[in-house]
Amino acid sequence: MESTGKKKRRPRRSFTPESKAEIVELCRRGDRSVGRIAEDFDLTGTAVRDRVERPGPTRANETA
């Protein structure tokens, strides 16, 4: 049996503006590390850092 050594990709997920705002707020609060927040949301640290650094709405009721 041959194995290519690659992990099977999971389907792309989408997050609501509210969940994105929650992630940003948790990071800005500073009581947990970015890595811990990423783990809690089953994301990569890079995805969380990119969301925090990306300009745009930071609260659920704001629009881009």
Side-chain angles (χ1 to χ4, degrees):
M1 186 164 127
E2 288 186 40
S3 176
T4 60
K6 293 184 179 180
K7 286 185 176 180
K8 188 174 182 180
R9 295 184 90 176
R10 66 177 165 196
R12 186 176 176 102
R13 296 174 292 162
S14 61
F15 292 88
T16 64
E18 292 82 8
S19 65
K20 291 176 185 178
E22 179 184 3
I23 291 167
V24 170
E25 180 60 31
L26 288 169
C27 290
R28 290 190 175 156
R29 226 185 281 163
D31 56 343
R32 286 191 277 175
S33 69
V34 169
R36 181 65 201 176
I37 293 167
E39 187 177 297
D40 291 347
F41 284 87
D42 193 27
L43 297 167
T44 64
T46 301
V48 173
R49 280 188 292 279
D50 286 350
R51 170 51 51 192
V52 172
E53 294 171 2
R54 181 177 297 136
T58 57
R59 292 188 186 88
N61 61 350
E62 293 178 340
T63 57

Which residues pass the side chain to side chain donor-acceptor pair (under 3.5 Å) test with Arg36, not counting sequence neighbours? Glu39, Asp40
As an exercise, state the distance from SG of Cys27 to CZ of Arg51, rounded to the nearest 0.5 Å. 11.0 Å
Pairing residues for Thr44 by the side chain to side chain donor-acceptor pair (under 3.5 Å) criterion, not counting sequence neighbours: none
Partner residues of Ser14 under the side-chain contact (heavy atoms from CB on, under 4.5 Å) criterion, sequence neighbours left out: none
Let me confirm one number: the CD-OG1 distance from Glu22 to Thr16, rounded to the nearest 0.5 Å. 8.5 Å
Val48 versus Phe41: any side-chain heavy-atom pair under 4.5 Å? no
Arg29: partners by side-chain contact (heavy atoms from CB on, under 4.5 Å), with sequence neighbours left out: Glu25, Leu26, Asp31
Excluding sequence neighbours, so at least two apart, what forms side-chain contact (heavy atoms from CB on, under 4.5 Å) with Arg13? Arg10, Phe15, Asp42, Leu43
